[in-house]
Amino acid sequence: MQKYKVGAYLRLSKEEFSNEKESNSITNQRQIINNYLKEHKEYALVDYYIDDGYSGTNFNRPEFQRMLSDIESGKDSVDYVLVFKLSRFGRNAADVLSSLQIMQDYGANLICVEDGID
């Protein structure tokens, strides 16, 4: 069975930490992603990218930028970026589409576990 390489992106903004349900915590996002990976043995996790305390309204987040840089450079040959929900990836539709295009230009696609998007 071919293994696809996966980078997992997790994000939680400061505002959400105090206002959102526990299910959006970094720990729970990690657990949901790990459970997904256990069920889908064709994926192999190569790295976590975690922006804890950053808004999803812009993409000036250190780990998000590191993830894009790793994809562009071919580090770990990432096939997919795995997120809990699309809102963890970003909240600005134009920026989301732009970032997705950059990823796809380098052969990486997005999987949103809870939204059923791949």
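As the structure is a computational prediction, the values presented were derived from the model and not from experiment.
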Q: Could you tell me the separation between the CZ atom of F84 and the SG atom of C112, rounded to the nearest 0.5 Å?
A: 10.5 Å

Q: Whether the side chain of N92 engages the backbone of D95 through a donor-acceptor N/O pair (distance < 3.5 Å, no angle test) should be reported.
A: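 Yes, because the side chain of N92 sits within donor-acceptor range (under 3.5 Å) of the backbone of D95.
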
Q: List the steps and the verdict of side chain to side chain contact (heavy atoms under 4.5 Å, CB included) for Y36 and L82.
A: CA-CA 9 Å; Y36 183 88; L82 192 58; 3.8 Å; yes

Q: Mark yes or no for whether K3, through its side chain, and L45, through its backbone, hold a donor-acceptor pair below 3.5 Å.
A: no

Q: So how far is it from N34 CG to K38 NZ, rounded to the nearest 0.5 Å?
A: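 The distance works out to 6.5 Å.
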
Q: Cut-off 3.5 Å, side chains only: do Q31 and N35 have a donor facing an acceptor?
A: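 Side chains of Q31 and N35: pair found under 3.5 Å.
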
Q: Determine whether I50 and Y9 satisfy the following criterion, side chain to side chain contact (heavy atoms under 4.5 Å, CB included), listing intermediate values before the conclusion.
A: CA-CA 6 Å; I50 302 171; Y9 181 72; over 6 Å; no

Q: Provide the closest heavy-atom pair for I33 versus A8 in the form atom of the first, atom of the second, distance.
A: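 So the two residues come closest at CG2-CB, 4.0 Å.
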
Q: With side chain to side chain contact (heavy atoms under 4.5 Å, CB included) as the criterion, how do F89 and L110 come out once you've worked through the C-alpha distance, each side chain's angles and the decisive distance to 0.1 Å?
A: CA-CA 9 Å; F89 189 79; L110 182 68; 3.9 Å; yes

Q: Has Q29 got a side-chain atom pairing as donor or acceptor with V83's backbone, closer than 3.5 angstrom?
A: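 No, because the side chain of Q29 does not come within donor-acceptor range (under 3.5 Å) of the backbone of V83.
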
Q: Between S98 and A94 (side chain of the first, backbone of the second, donor and acceptor by atom type, cut-off under 3.5 Å), is there such a pair?
A: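 Side chain of S98 to backbone of A94, a donor-acceptor pair under 3.5 Å: no, none is there.
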
Q: Is the backbone N or O of G107 less than 3.5 Å from a side-chain atom of D79, with the two atoms forming a donor-acceptor pair by type?
A: no

Q: In chain order, what residues pass the ring-ring contact (aromatic ring centres under 6.0 Å, His included) check against Y4, with sequence neighbours excluded?
A: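 Here the qualifying residues are Y80.
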
Q: Answer yes or no: is there a donor N or O on one side and an acceptor on the other, between the side chain of R11 and the main chain of G53, under 3.5 Å?
A: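 Between the backbone of G53 and the side chain of R11 there is no qualifying donor-acceptor contact (under 3.5 Å).
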
Q: Got L12 and D51 here, is their nearest side-chain heavy-atom distance under 4.5 Å?
A: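 Answer no - side chains too far apart.
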
Q: Between F59 and G90, which heavy-atom pair has the shortest distance, and what is it?
A: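 In this case the closest contact between F59 and G90 is CZ-CA, 3.8 Å.
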
Q: Are V96 and L86 close enough, and set up right, to give a side chain to side chain contact (heavy atoms under 4.5 Å, CB included), and what steps lead you there?
A: CA-CA 9 Å; V96 166; L86 185 58; 4.1 Å; yes

Q: Any ring-ring contact (aromatic ring centres under 6.0 Å, His included) involving residues 90-115? Give me the pairs, sequence neighbours left out, ordered by first then second residue.
A: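 Not a single pair qualifies under ring-ring contact (aromatic ring centres under 6.0 Å, His included).
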
Q: Could you tell me if T27 and S25 have a donor-acceptor pair between their side chains, going purely by distance under 3.5 Å?
A: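 Absent: no donor and acceptor within the cut-off.
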
Q: L10 and Y48: which non-hydrogen atoms are nearest, and at how many Å?
A: CD1-CD2, 3.7 Å

Q: Measuring from K41:NZ to L37:CG, what's the distance to the nearest 0.5 Å?
A: 9.5 Å

Q: If I take atom OG from residue S87 and atom CD from residue E114, how far apart are they, to the nearest 0.5 angstrom?
A: 10.5 Å

Q: Within the 4.5 Å heavy-atom criterion, are N109 and M103 side-chain neighbours or not?
A: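 Side chain of N109 against side chain of M103, heavy atoms only: no contact under 4.5 Å found.
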
Q: How close do G7 and V46 get, counting heavy atoms only, and between which atoms?
A: N-CG2, 4.3 Å

Q: Rounded to the nearest 0.5 Å, how far does CD1 of I71 lie from OG of S99?
A: 9.5 Å

Q: With no hydrogens and no angle check, is any side-chain donor or acceptor of S69 less than 3.5 Å from a backbone partner on Q65?
A: no

Q: Please list all pairs passing the salt bridge (Lys or Arg N to Asp or Glu O under 4.0 Å) test where one or both residues lie in residues 57-66, with sequence neighbours left out.
A: D47-R66, E63-R66, R66-D70

